[in-house]
Protein chains: 2
Amino acid sequence: MSFTRARSYHHGDLRAELLQRAEATLRESGVDGLSLRQLARDIGVSHAAPTRHFRDKQALLDAIAVAGFERLGDSFENLTSTGSFTEPMRAMARTYLRFATDNAELLALMFARRYSPVAGDAMSRAVDRAFATPIALIAAAQDRGEIIPGDPRRIALTAVAALQGLATFLGSGLVVAEDADAWLDETVAHLMLGLRPR
Amino acid sequence: MSFTRARSYHHGDLRAELLQRAEATLRESGVDGLSLRQLARDIGVSHAAPTRHFRDKQALLDAIAVAGFERLGDSFENLTSTGSFTEPMRAMARTYLRFATDNAELLALMFARRYSPVAGDAMSRAVDRAFATPIALIAAAQDRGEIIPGDPRRIALTAVAALQGLATFLGSGLVVAEDADAWLDETVAHLMLGLRPR
DNA sequence: ACCTGAACACCGTTCAAGT
DNA sequence: ACCTGAACACCGTTCAAGT
């Protein structure tokens, strides 16, 4: 059955397979290498079939971005906020930067600010969940007096922004990839201790 | 003369006009709205003419990115490193974030990590120049003992990375654009003083 | 409800030929 | 040296028609 399913008239789970295949193509060939027609050809379906599941190409890209934020949220899941704050903070930073370097094309898509208005709902849910762990981390450290007071969301997002920028610089080659770990440590140290001498 | 020049067989300065027009289109319609054929139509030249000046579309995008880094370098030019360090630092941050928000599509292109190998030379010259001012700013502050010791390039790039990440979050809507100034101040304060209580 | 095939209006790139 | 026009192999999107 499952052998012939791909050749039957109705595919069965075309939406899921389109998404999965699109993510693979994105990783291998970048956004520019992603075409709806090629995708349909790869799966063995007519070029017009994807329209049923994604109204246009942007809708597919939006769905990939949502899946990306969900995966980012998953990768934060086993972070703990116990112990001295520096360690959870460094673990979060490593997780984010690892996701960023392992999924460079995907990350660019996630922050490409091209979402269709329609995508907003599922998108913002996934985004909120992805950043929930860093925010909770900051809040827990504040309770222990290890972090200055202030809105934990704002503090968390400025911290993650520093990592996001570092990921961008790494991706562009402005910072050489081999030194990524050293840059990561330095970024965390600067964030925690500041640039002004103590 | 200049009225008929655009209609004569030889254009005269097609390369410069292609670049200028492309930057305008990029600003108005984004990268996705940028097509060589449309560009040629806008200028009033055959669709194959651009090939003489840019071997392919990527070469044009590279040239736009180089021009972007040059403009970024220009906008840093009148920053001074005198006075208490906090003020030059905030001025630099404002300049970068302003450039980022005023040229969102361009900035994305500048860090799109798709440079053709050929572009590397002019590109790295423009990049080096663009970041020279922030690096000099850090070095001067170190001399006055207002900044911790360490490689000024590394310190400057981690600082600019924090701004770059903030610009990305602003562009994606993760941080609302109206609060940009407040986020900027908070980012600079965190960078200078750190997140750990003093 | 889901998919196909043809049609339409676009692309980027190449290359002989024109000026 | 620079530009044109035709040709080629692609796109995304739409829509009647098929299952």
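Convention: sequence-line order gives letters A, B, ...; per-chain numbering from 1. Here the structure is a predicted model, which is why all the values come from computation and not from measurement.
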Round to a whole Å and report the spacing from [atom1] of [X] to [atom2] of [N].
X       : N      : atom1 : atom2 : result
B/Leu14 : D/dA1  : CG    : C1'   : 13 Å
B/Ile43 : D/dC3  : CD1   : P     : 10 Å
A/Gln58 : D/dC11 : CD    : P     : 18 Å
B/Lys57 : D/dC10 : NZ    : C1'   : 13 Å
B/Leu34 : C/dC11 : CG    : P     : 11 Å
A/Arg55 : C/dC3  : CZ    : P     : 17 Å
A/Arg52 : D/dG18 : CZ    : P     : 16 Å
B/Asp42 : C/dC10 : CG    : P     : 13 Å

Tell me whether the OP1 or OP2 atom of [N] has a side-chain N or O from [X] closer than 4.0 Å.
X       : N      : answer
A/Ser35 : D/dG12 : yes
A/Ser46 : C/dG5  : no
A/His53 : C/dA1  : no

Ring centers of A/Phe69, A/Phe111 separated by less than 6.0 Å: yes
Options [options], nucleotide nearest the side-chain atoms of [X]:
X       : options               : result
B/His47 : C/dC3, D/dA6, D/dG12  : D/dA6
B/Leu36 : C/dA7, C/dT13, C/dC2  : C/dT13
B/Thr51 : D/dG12, C/dT14, D/dT4 : C/dT14

Watson-Crick or G-U wobble partner of D/dT13, both distances under 3.5 Å: C/dA7
For C/dA1, the Watson-Crick or wobble partner whose two distances fall under 3.5 Å: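 When the pairing criteria are applied, D/dT19 turns out to be the nucleotide that pairs with C/dA1.
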Heavy-atom check, side chain of A/Glu146 versus side chain of A/Thr86, under 4.5 Å: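 In short, these two side chains do not touch, never coming nearer than 4.5 Å.
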Close side-chain approach of A/Leu163 to A/Met92, heavy-atom, < 4.5 Å: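 A side-chain contact exists here, since the closest heavy-atom pair is under 4.5 Å.
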B/Gln20 CD: over 12 foreign heavy atoms closer than 6.0 Å: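 Open.
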Flag if over 12 foreign heavy atoms under 6.0 Å of CZ, A/Arg98: no
Sugar-phosphate only, base, or nothing, as touched by B/Arg41 at under 4.0 Å among non-hydrogen atoms: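 The residue B/Arg41 makes sugar-phosphate contact but no base contact.
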Side-chain-base donor-acceptor pair under 3.5 Å for A/Arg37 and D/dT13: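 Indeed, a donor on one side and an acceptor on the other fall under 3.5 Å apart.
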Which residue lies more 5' along DNA chain D, comparing A/Gln38 with A/Ala48 via nearest heavy atoms: A/Gln38
